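Only this structure's heavy atoms are used, side chains among them; waters, hydrogens and symmetry mates stay out. What you are looking at is a predicted structure, and each value in this text was computed from that prediction instead of being measured. So you know, we letter chains A, B, ... as the sequences are listed, proteins then strands, and number each from 1.
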Protein chains: 2
Amino acid sequence: MEKTVVKAIRVLESLALSPRPRALGEIAAVCDMTKSNAHRLLQTLSEMHYVRQVPESRSYEATLRLWEMGMRVFDRFDIRGVASPVLRGLQEKTGESVHLSIFDDGDAVYIDRIDSQQAVRAYIRIGDRVPAYCTATGRAMLACLGEAEVAAASRDMRRHTELTVATPDALAAALAEVREKGYALTRGEWRQGVVGVAAPIRSQSGTVVAGVGVAGPAERMGEDNVAVATRAVLQAATDISHALGFSDSGHAGLPS
Amino acid sequence: MEKTVVKAIRVLESLALSPRPRALGEIAAVCDMTKSNAHRLLQTLSEMHYVRQVPESRSYEATLRLWEMGMRVFDRFDIRGVASPVLRGLQEKTGESVHLSIFDDGDAVYIDRIDSQQAVRAYIRIGDRVPAYCTATGRAMLACLGEAEVAAASRDMRRHTELTVATPDALAAALAEVREKGYALTRGEWRQGVVGVAAPIRSQSGTVVAGVGVAGPAERMGEDNVAVATRAVLQAATDISHALGFSDSGHAGLPS
DNA sequence: CTGTAGATTCCAGATATTGGAACGACATAT
DNA sequence: ATATGTCGTTCCAATATCTGGAATCTACAG
């Protein structure tokens, strides 16, 4: 365990928790270290912009950098925490594996999942990165994002199976269909024999922040099951979006 | 500049900014360090609860600890940032030094100030800690806080000048007067010859989070100027409270 | 079952960190 | 006005800490 790092964090925490700026001596005392040590640590934290010295009193205070970083973390956790129970419900309703993913630099990245109970099941790992243009959650998100994101996703298109939609034009058509229907359906474009249905999740501000989908083996994903899954996925996406504070003023559509 | 600390912060930032959990190798690559190094850093950050390893994929993600700490910082900055322009206005209107302080463990601590332009002026430093029971901003806050805070403030009462209110009973009476009038007025109880007027600031939740006041030499603080200062201080406190999201549903009172 | 990729552990060598002392800047007390 | 004390800052040799490569372990994929 790195002692210097621990000390630095203790110093930073003492400032973050303090309701007022603290003098060097005080910090050294509270954190139980010599003044030179505390001073050097504060110097480093200043250069990293986590701490500043108030010009007037020479004492130190935490900057908003900590908050800035914390907010980034919070955003992500918010989605996972809120989505978690909905994912469980979706898994039970459909019986297949359900995935929650976000869009990152042209790819879809899985941030949560609940596995099917079946012996044959679609399998991914949390943290796995897959091309957005040929996966269900990826395409669902892509359909609601801007030019730049679509361009990023189109950067390195290739056929992963015989069915992969691997040209920008074909992708554009697929995305248009997603926008029209409100959900994305992929049949073995990424992994042979895997069928996926997914829908985009919107945050309070209305921007698409994630995608939720179910995936299962083609043998089980016949018309009936896909119809069930589609309805369930759209409902789940709506539920999660609402939980995030999104209110769909205007259009909304469950397929009849 | 402490290299280990810098590296640790880089690792933490890369995780905070990442929209998804990162694998060890990835982190090492992004932060330009060996895997052993990154691993040790992550171990340390885990023990500090800033990072956790997701059990499923063995990759690492930032925890909410960062957000938790950031929020503490944000609360404080929020007050200062919002109050700053109001303080400037108050200084111009009254011509005296204006102070912004918070309550901390029985004391008032100055977190911002704007000095009078006059040759003779009340002077404090940001970060200075003064007894709450005998200063204007301190008493204004104390009047709106609970038993425990008053007890903390009464722990070590003493006469700092001939006029200091230095008994719990006398303090209780003074606080009752503050509550009735809505502002605190002190005349040379802490520093001889200094007169202060102050009012409490409330946050969105309605709790008193700070106090704002003006202070000047007794020679200039005659009845007329005190009346002007009182009105200005009450207005400033109201303005800052509103800016913090406080809505005074019900009572409100400018002295007629 | 074997191979591969990645995570984790280990350790001697390299070096960054440590703390005391000296210095400088202020501010108050005499 | 001078003295005195407090607090922040700088410096440096001793050394405890950190470093990175290699060995080990684990889990998955073929």
Side-chain angles (χ1 to χ4, degrees), chain A residues 1-11 15 20-48 51-61 110 113 115 120-130 160 190-194, chain B residues 1-11 15 21-48 51-61 110 115 121-130 160 190-192 194:
Chain A
M1 179 132 137
E2 263 127 334
K3 284 187 77 172
T4 319
V5 175
V6 174
K7 285 186 182 182
I9 292 180
R10 284 211 195 303
V11 167
L15 286 180
R20 65 190 177 84
R22 299 254 179 220
L24 172 63
E26 238 178 320
I27 298 168
V30 168
C31 300
D32 191 39
M33 52 181 78
T34 61
K35 282 200 298 185
S36 356
N37 201 342
H39 183 257
R40 228 163 337 101
L41 257 5
L42 287 164
Q43 205 86 356
T44 304
L45 290 171
S46 295
E47 294 192 43
M48 304 295 288
V51 159
R52 80 183 201 102
Q53 190 167 27
V54 335
E56 188 54 58
S57 63
R58 269 186 306 185
S59 52
Y60 296 86
E61 67 182 4
Y110 296 112
R113 70 126 208 260
D115 261 15
V120 177
R121 62 177 87 161
Y123 175 73
I124 56 97
R125 277 175 305 185
I126 293 175
D128 275 358
R129 172 176 290 258
V130 297
H160 299 281
W190 168 239
R191 296 301 187 209
Q192 197 141 28
V194 175
Chain B
M1 178 133 137
E2 262 128 334
K3 285 186 75 173
T4 317
V5 175
V6 174
K7 285 186 181 181
I9 293 180
R10 283 210 195 303
V11 167
L15 286 181
R22 299 255 179 219
L24 172 63
E26 240 179 319
I27 298 167
V30 168
C31 301
D32 192 39
M33 53 182 76
T34 62
K35 282 201 294 184
S36 357
N37 201 343
H39 183 258
R40 229 164 334 104
L41 257 6
L42 286 164
Q43 205 85 358
T44 304
L45 290 171
S46 294
E47 294 192 42
M48 304 295 287
V51 161
R52 81 182 201 104
Q53 190 168 26
V54 335
E56 189 54 60
S57 64
R58 269 186 308 185
S59 52
Y60 297 86
E61 67 182 3
Y110 296 113
D115 262 15
R121 64 177 84 160
Y123 175 74
I124 56 96
R125 279 175 305 182
I126 293 175
D128 275 357
R129 171 176 291 259
V130 298
H160 300 281
W190 167 240
R191 296 298 186 210
Q192 198 140 29
V194 175

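- As rounded to whole Å, 9 Å separates atom P of D/dA29 from atom CZ of A/R191.
- Computed from C1' positions of five pairs at each end, the angle between the two local axes of the helix from C/dC1-D/dG30 to C/dT30-D/dA1 equals 40°, rounded to 10 degrees.
- Of all non-hydrogen atoms in B/P21 and B/S59, the two that sit nearest each other are CB-OG, 3.4 Å.
- Using a 4.5 Å cut-off on side-chain heavy atoms (C-beta onward), A/L42 and A/L15 make contact.
- Other residues, nucleotides and ligands place more than 12 heavy atoms under 6.0 Å from the CD atom of B/E47.
- Distances shorter than 4.0 Å separate some side-chain N or O of A/T4 from OP1 or OP2 on D/dC18.
- Ion pairing of A/R40 with B/E2 is present here, as a side-chain N (NZ or NE/NH1/NH2) and a carboxylate O approach within less than 4.0 Å.
- With values rounded to the nearest 0.5 angstrom, B/I27 atom CD1 is found 14.0 Å from B/D32 atom CG.
- In this structure, B/Y123 and B/E2 both approach DNA chain C, and ranking their closest nucleotides by distance from the 5' end singles out B/E2.
- Phosphate contact (OP1/OP2 of D/dC18, side-chain N/O of B/K7, threshold under 4.0 Å): absent.
- Atom CG in B/D32 sits about 14 Å away from atom C1' in D/dT19, given to the nearest Å.
- Heavy atoms of other residues, nucleotides or ligands lying less than 6.0 angstrom from CZ of B/R52 number more than 12.
- We find that CG of B/L45 is positioned 15 Å from C1' of D/dC18, with the value rounded to whole Å.
- Rounding to whole angstrom units, CD1 of residue A/I27 and C1' of D/dT9 are separated by 14 Å.
- Rounded to an integer number of Å, the gap from NZ of B/K3 to P of C/dT18 is 15 Å.
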Contact list (N/O, under 3.5 angstrom) for nucleotides 7-10 of chain C vs protein:
from  : atom 1 : to    : atom 2 : distance (Å)
C/dA7 : OP1    : B/L24 : N      : 3.0
C/dA7 : OP2    : B/G25 : N      : 3.0
C/dT8 : OP1    : B/Q53 : NE2    : 2.8
C/dT8 : OP2    : B/H39 : NE2    : 3.3
C/dT8 : OP2    : B/Y60 : OH     : 2.6
C/dT8 : O5'    : B/H39 : NE2    : 3.2

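- The shortest non-hydrogen separation linking A/L41 to A/A8 is CG-CA, 4.0 Å.
- Nearest heavy atoms, A/A38 versus A/L24: CB-CD1, 3.8 Å.
- Using a 4.5 Å cut-off on side-chain heavy atoms (C-beta onward), A/Y60 and A/R22 make no contact.
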